[in-house]
Amino acid sequence: MPADQHIHLYLVPTPVGNLGDMTFRAIDVLKSVDVILAEDTRTSGKLLKHFEIQRPLQSYHIFNEHKTIEKLIQRMQKGEVMALISDAGTPAVSDPGFLLVRAAREAGLEVSCLPGATAFVPALVNSGFPTDRFVFEGFLPHKKGKKTKVESLVTETRTMIFYESPHRLEKSLELFAEVFGPERMAAVSREISKLYEENLRGTLQELLTHFSENPPKGEIVLLLQGAEEIKESKSEAKRKKWQSSEED
C-alpha cells in the first residue's frame, strides 16, 4: 500500500525506454490504487502486464481530459485513490496531467508526484551545456507561431531544451540555424535509455547535415546553447556616462 493514506491522486513516472528504470515505489503505488488513468491504455496495458499490475485502467488523454475532470474529482472526493501515468516519463511534463492536478488542488485533494523517469534531465546532463540555469520549452508550435516563438528566444542566455519528433527535427534545425546562426552549439538526444540511444553534439549546421543524411527515429530531446551574455566593459560604461553628461 502507498505510505500515505491521505493521498487522493498519484502522478507516477514510467520508463522512457528501459523498463529497468521503473521504481519499486511506482510499482507498489500502481498495485494499490483503485484505478489507473492512462494516456494510452494499449501502451500502458503492456507495461502493467510486465510488472504484474492488475488494476482497473481508464483512458485519460488530451482529447477527453476537459470532459472527464469533473467526474474524476467527484470520485476522488468519495474516496477513490487514483494514479495518473503517461505513455512514458513523468505525467504533466509535455503530457496530460496539469489540468487534473490543478482541479484536484482546488478541490482540496492531496496530490503526490513520485520522482522518476523524464527525458530532458539525462539529455541536459549528457549535452555538456550549463545545467545550473536552463529553460524547458517542450514542444514548439507545429506551424503557426513556430518561427515567432523561436525568434523570441534569440537573446536567451540559459540552456534551452525542446522536445521534438523525428519527422520535424530537420525543419527545426534549419529554423534554429536561420535564427541563431549555423555555428551555435546544440545537442540531440534520442531513444534515451533504449538499446540504440544516441547523444550527438555539434554546431546546428553539423547536426543538420548529419540528420539530413541519417533520418532519425524515436523520441528526441533537442538542446541549444544559450546566447553569450553581452557585458558592458567598465570603459564603455564610463564613456557612455561621460557622453550623457556632456549632452546635458
Side-chain angles (χ1 to χ4, degrees), residues 13-18 20-21 86-90 92-95 116-237 240:
T14 54
V16 296
N18 194 314
D21 294 335
S86 62
D87 289 348
T90 301
V93 180
S94 289
D95 277 323
T118 188
F120 77 81
V121 173
L124 172 63
V125 175
N126 275 330
S127 72
F129 296 144
T131 58
D132 56 332
R133 296 174 66 247
F134 59 88
V135 55
F136 176 69
E137 292 292 339
F139 287 99
L140 289 168
H142 279 271
K143 291 183 179 180
K144 188 176 181 180
K146 182 176 182 178
K147 186 173 183 180
T148 301
K149 177 60 180 178
V150 172
E151 289 176 338
S152 73
L153 297 169
V154 72
T155 59
E156 176 59 68
T157 58
R158 296 169 292 183
T159 300
M160 290 164 272
I161 307 172
F162 307 86
Y163 281 166
E164 195 51 279
S165 59
H167 67 278
R168 297 204 322 161
L169 178 62
E170 190 174 343
K171 289 292 185 181
S172 291
L173 288 172
E174 288 177 351
L175 178 58
F176 281 11
E178 176 188 338
V179 174
F180 300 103
E183 297 305 309
R184 175 74 68 91
M185 292 297 293
V188 172
S189 289
R190 66 177 194 86
E191 297 287 76
I192 291 174
S193 85
K194 295 181 181 178
L195 182 61
Y196 297 106
E197 177 176 345
E198 182 178 43
N199 296 286
L200 297 176
R201 174 183 162 121
T203 66
L204 285 168
Q205 184 58 58
E206 289 171 340
L207 292 173
L208 180 56
T209 299
H210 173 81
F211 286 110
S212 64
E213 298 172 353
N214 305 276
K217 296 181 180 179
E219 297 302 314
I220 290 167
V221 183
L222 173 58
L223 299 101
L224 188 66
Q225 187 178 45
E228 292 184 12
E229 293 187 48
I230 302 174
K231 296 183 177 179
E232 198 175 53
S233 66
K234 290 184 178 180
S235 59
E236 180 67 6
K240 286 186 176 181

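Just so it is clear, the structure is predicted and the values come from calculations on it, not from any experiment.
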Next on the checklist: Using the rule given for side-chain contact (heavy atoms from CB on, under 4.5 Å), can you reason through Glu178 versus Lys147, listing the C-alpha separation, both sets of side-chain angles and the distance that settles it, and then say yes or no?
Outcome noted: CA-CA 10 Å; Glu178 176 188 338; Lys147 186 173 183 180; 3.0 Å; yes
Checklist entry - What distance do Arg184 atom CZ and Glu228 atom CD have between them, rounded to the nearest 0.5 Å? => result 8.5 Å
Item to check | Shortest non-hydrogen contact from Ser86 toward Thr14 | outcome: O-OG1, 3.3 Å
Checklist entry - Which residues pass the ring-ring contact (aromatic ring centres under 6.0 Å, His included) test with Phe176, sequence neighbours left out? => result Phe162, Phe180
Checklist entry - Is a side-chain donor or acceptor of Thr90 paired with a backbone partner of Ala117 at a separation under 3.5 angstrom? => result yes
Item to check | Heavy-atom pair of closest approach, residues Ser165 and Phe139 | outcome: N-CE2, 4.5 Å
Item to check | Euclidean distance, His210 NE2 relative to Leu208 CG, rounded to 0.5 Å | outcome: 11.0 Å
Checklist entry - Closest heavy-atom contact between Pro15 and Ala88? => result O-CB, 3.5 Å
Checklist entry - After noting the C-alpha distance and the side-chain angles of Ile161 and Val221, does the key distance pass the side-chain contact (heavy atoms from CB on, under 4.5 Å) rule? => result CA-CA 7 Å; Ile161 307 172; Val221 183; 3.8 Å; yes
Item to check | Test item: Leu173 and Leu222 side chains (from C-beta on) under 4.5 Å apart, heavy atoms | outcome: yes
Checklist entry - How long is the span from the OG1 atom in Thr157 to the CD atom in Gln225, to the nearest 0.5 Å? => result 11.0 Å
Checklist entry - Tell me, do Phe136 and Ser94 make a side-chain contact under 4.5 Å, heavy atoms counted? => result yes
Item to check | Contact summary for Ser212 and Glu170, nearest pair of heavy atoms | outcome: CB-OE2, 3.6 Å
Item to check | Atom CD of Glu164: over 12 foreign heavy atoms under 6.0 Å | outcome: yes
Checklist entry - Rounded to the nearest 0.5 Å, what separation is found between the CZ atom of Arg168 and the CG atom of Leu175? => result 10.5 Å
Item to check | Minimum side-chain heavy-atom gap Val179-Leu153 below 4.5 Å | outcome: no
Next on the checklist: Treating Arg201 as the side-chain partner and Val188 as the backbone partner, does any N or O pair qualify as donor plus acceptor under 3.5 Å?
Outcome noted: no
Checklist outcome for this item: Closest heavy-atom pair, Gly218 versus Pro166, reported as atoms and distance to 0.1 Å, is O-CG, 3.0 Å
Next on the checklist: Are Leu224 and Thr159 packed together at the side-chain level, in the sense that at least one heavy-atom pair is separated by less than 4.5 angstrom?
Outcome noted: no
Checklist entry - Heavy-atom count around Phe134 CZ within 6.0 Å, excluding the residue itself: above 12? => result no
Please list, one pair per line, the donor and acceptor atoms closer than 3.5 Å that link side chains of residues 119-132 to other protein atoms, with sequence neighbours excluded.
{"residue": "Asn126", "atom": "ND2", "partner": "Pro122", "partner atom": "O", "Å": "3.2"}
{"residue": "Ser127", "atom": "OG", "partner": "Leu124", "partner atom": "O", "Å": "2.7"}
{"residue": "Ser127", "atom": "OG", "partner": "Phe129", "partner atom": "N", "Å": "3.1"}

Next on the checklist: Go through it in stages, so that I can follow the logic: the residues are Met160 and Leu223, the test is side-chain contact (heavy atoms from CB on, under 4.5 Å), and I'd like the CA-CA distance, side-chain angles, deciding distance and then a yes or no.
Outcome noted: CA-CA 6 Å; Met160 290 164 272; Leu223 299 101; over 6 Å; no
Next on the checklist: Using side-chain heavy atoms (C-beta onward) and a distance below 4.5 Å, is Val150 in contact with Leu140?
Outcome noted: yes
Checklist entry - Going through the distances and angles, do Ile192 and Ser189 end up as a side-chain contact (heavy atoms from CB on, under 4.5 Å)? => result CA-CA 7 Å; Ile192 291 174; Ser189 289; 4.0 Å; yes
Item to check | Approximate separation, where rounding is to 0.5 Å, of Asp95 CG and Thr118 OG1 | outcome: 9.0 Å
Checklist entry - Is the backbone of Lys217 close enough, under 3.5 Å, to the side chain of Arg190 for a donor and an acceptor to pair up by distance? => result yes
Next on the checklist: Under the rule for side chain to side chain contact (heavy atoms under 4.5 Å, CB included), what residues qualify as partners of Glu206, not counting sequence neighbours?
Outcome noted: Thr203
Checklist entry - Under 4.5 Å between any side-chain heavy atoms of Lys149 and Lys146, yes or no? => result no
